[in-house]
There are 2 protein chains.
Amino acid sequence: MLAEDNSIQDMLREKNIRLSHQRLMVLEYMSANHNHPTADQIFNGLKGTVPSLSKTTIYNTMDAFLEAGIIRPVNIEDNEVRYDIVTGEHGHFKCDSCGRIYDFDLDLDHLTSGQLAAFKIDSRDVYFRGTCKECLKSKS
Amino acid sequence: MLAEDNSIQDMLREKNIRLSHQRLMVLEYMSANHNHPTADQIFNGLKGTVPSLSKTTIYNTMDAFLEAGIIRPVNIEDNEVRYDIVTGEHGHFKCDSCGRIYDFDLDLDHLTSGQLAAFKIDSRDVYFRGTCKECLKSKS
DNA sequence: TACAAAATTGAATTCATTACAATTAATAAT
DNA sequence: ATTATTAATTGTAATGAATTCAATTTTGTA
Ligand SMILES: [Mn+2]
Ligand SMILES: [Mn+2]
Ligand SMILES: [Zn+2]
Ligand SMILES: [Zn+2]
């Protein structure tokens with residue numbers, strides 16, 4: 001419990017992000033919920049324990065975390081941004097039936113042709129859509 | 001000229017999409033402009049020659065084309081949808097400096113691990129971001 | 001404790017997209 | 001060719017995620 005809190009605080013200090021109650025709570029929420037939440041979901045998940053919380057603070061916080069590389073955006077939906085605290089290389093699968101977003105491993109080194117050799121690549125995103133195993137089972 | 005028009009009409013008829021002046025103009029625009037335009041860009045590109053055009057018609061038309069598989073969406077930006085008349089498998093690179101979107105070839109068969117073996121995959125999207133060759137050159 | 005800088009808050013605003021009902025156009029039947 | 005049926009187009013209003021901004025509060029520092 002305390003160890004976790006300290007590690008979260010250290011993570012922010014390492015990135016030169018000033019500590020605030022709201023930022024700690026958001027980061028704690030992201031660490032506990034690896035379900036690629038939207039700003040609205042984070043807000044609704046925290047407003048019970050942080051009554052003064054504003055949705056603008058969520059957006060400000062996500063911007064600060066994105067800038068620092070603590071989280072990364074998941075743009076698998078066209079109408080809202082999701083956030084992922086797992087920043088390592090992996091792909092995302094969105095089930096159009098249940099809405100769940102699955103992580104999957106991938107090997108991006110073998111993906112590209114030489115066409116982008118002279119380009120500076122800052123981020124790589126792989127998004128798949130379809131129907132997940134569970135939903136296929138329940139439809140049979 | 002006429003040959004192109006006929007091929008465009010045939011493309012719509014094959015997909016059981018009723019012909020309309022607006023749909024033909026939009027499809028002609030998409031065929032002539034392979035730059036992944038937004039609904040707004042298509043609207044502004046056509047309103048000169050189709051004065052009665054409504055932006056709602058653009059959205060309705062894109063929905064019909066998407067449904068028929070004539071075009072595919074490009075969600076490389078979080079705030080607006082782009083459309084691509086090239087539906088074959090390829091990736092997209094967005095230059096954060098000049099805003100251009102580049103196509104590139106990719107080999108998706110070698111990409112995935114077995115984790116999605118039991119999943120039904122309907123669409124695959126690969127989005128890279130960074131700085132393009134031209135912009136790197138002009139900054140040197 | 002006191003000060004300066006930065007973060008939080010909420011209300012107002014923006015803007016892409018959608019909903020909807022009236023009008024117009026396209027296709028089929030006569 | 002005229003009419004009837006059906007679908008598409010249009011403009012306006014509504015939606016909702018995200019942004020702007022100024023006032024207030026909090027944080028880090030001395
Ligand atoms: Mn993930
Ligand atoms: Mn393309
Ligand atoms: Zn599912
Ligand atoms: Zn560029």
Side-chain angles (χ1 to χ4, degrees), chain A residues 5 8-29 36-68 70-71 73-83 99, chain B residues 5 8-29 36-68 70-71 73-83 99:
Chain A
D5 273 6
I8 282 176
Q9 294 193 6
D10 290 345
M11 186 184 295
L12 292 181
R13 266 193 269 259
E14 273 170 33
K15 302 286 185 177
N16 283 323
I17 294 177
R18 290 163 70 111
L19 302 180
S20 75
H21 184 226
Q22 290 83 347
R23 285 173 175 173
L24 290 171
M25 294 304 282
V26 168
L27 196 46
E28 193 181 300
Y29 180 93
H36 313 94
T38 63
D40 196 65
Q41 288 174 326
I42 300 167
F43 175 73
N44 284 304
L46 288 177
K47 70 181 178 191
T49 52
V50 189
S52 78
L53 192 60
S54 165
K55 201 176 281 186
T56 303
T57 297
I58 305 294
Y59 285 110
N60 290 339
T61 300
M62 303 328 273
D63 285 346
F65 289 178
L66 285 170
E67 177 80 15
I70 292 176
I71 60 173
V74 177
N75 286 314
I76 201 168
E77 270 147 316
D78 52 342
N79 59 330
E80 59 187 358
V81 178
R82 293 181 172 275
Y83 301 96
Chain B
D5 272 6
I8 282 176
Q9 294 194 6
D10 290 346
M11 186 184 295
L12 293 181
R13 265 192 271 261
E14 273 171 33
K15 302 286 186 176
N16 282 325
I17 293 178
R18 291 164 68 114
L19 302 180
S20 76
H21 183 224
Q22 290 83 345
R23 285 173 174 175
L24 290 171
M25 294 303 281
V26 169
L27 197 46
E28 193 180 303
Y29 180 93
H36 313 93
T38 63
D40 196 65
Q41 288 173 326
I42 300 167
F43 175 73
N44 284 305
L46 289 176
K47 70 180 178 189
T49 51
V50 188
S52 78
L53 191 62
S54 165
K55 201 176 280 187
T56 302
T57 297
I58 304 293
Y59 284 109
N60 290 340
T61 299
M62 300 331 271
D63 286 346
F65 289 177
L66 285 170
E67 177 81 15
I70 293 177
I71 60 174
V74 177
N75 287 314
I76 201 168
E77 268 148 318
D78 53 341
N79 58 331
E80 59 187 358
V81 179
R82 294 181 170 274
Y83 301 97

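Order of the sequence lines fixes the chain letters, A, B, ..., with proteins taken first and strands second; residue numbering starts at 1 for each chain.
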Quickly work out the A:E67 CD to C:dA7 C1' distance and round it to whole Å. 16 Å
Rounding to an integer number of Å, can you tell me how far B:I76 CD1 sits from C:dA16 P? 18 Å
Can you tell me if A:T57 uses its side chain to pair, donor with acceptor, with the backbone of A:L53 under 3.5 Å? no
Grab the CG-C1' distance between B:N16 and C:dT27 for me, whole Å please. 13 Å
D:dG11 C1' sits how many Å from B:I58 CD1, rounded? 14 Å
Is a side-chain N or O of A:R23 found less than 3.5 angstrom from the main chain of A:R18, in a donor-acceptor match? yes
C:dT18 phosphate, OP1 or OP2, under 4.0 Å from B:Y59 side-chain N/O: no
Just so I know, are the side chains of A:N60 and A:Q22 near enough to count as touching, which here means a heavy-atom distance under 4.5 Å? no
Taking only N and O in the side chain of B:S20, is any of them less than 4.0 Å away from OP1 or OP2 of D:dT9? yes
From NZ of A:K55 across to P of C:dA12 the rounded distance in Å is 16 Å
Between B:I17 and B:D78, whichever has its closest DNA chain D nucleotide further toward 5' is B:I17
Would a distance-only check, ignoring hydrogens and angles, find a side-chain to backbone donor-acceptor pair under 3.5 Å from B:Q41 to B:T38? yes
Where the side chain of B:R82 meets the backbone of B:V74, is there a donor-acceptor pair that is under 3.5 Å apart? no
Separation of B:R82 atom CZ from C:dT17 atom P, in whole Å? 10 Å
Within the 4.0 Å heavy-atom criterion, would you say B:S52 contacts the bases, only the backbone, or no part of the nucleic acid? sugar-phosphate
Provide, to the nearest angstrom, the distance between the CD atom belonging to A:E80 and the C1' atom belonging to C:dT17. 14 Å
Identify whether any heavy atom of B:T56 sits under 4.0 Å from a base atom; if not, whether one sits that close to sugar-phosphate; answer base, sugar-phosphate or nothing. base
Could you check B:N60 against B:V81 and say which one's nearest nucleotide on DNA chain C is further toward the 5' end? B:V81
Given that A:R18 and B:N79 both sit by DNA chain C, which one's nearest nucleotide is further toward the 5' end? A:R18
From CG of B:D63 across to P of D:dA7 the rounded distance in Å is 17 Å
Select one nucleotide: of C:dT9, D:dA18, D:dT9, the one nearest the side-chain heavy atoms of B:Q22. D:dT9
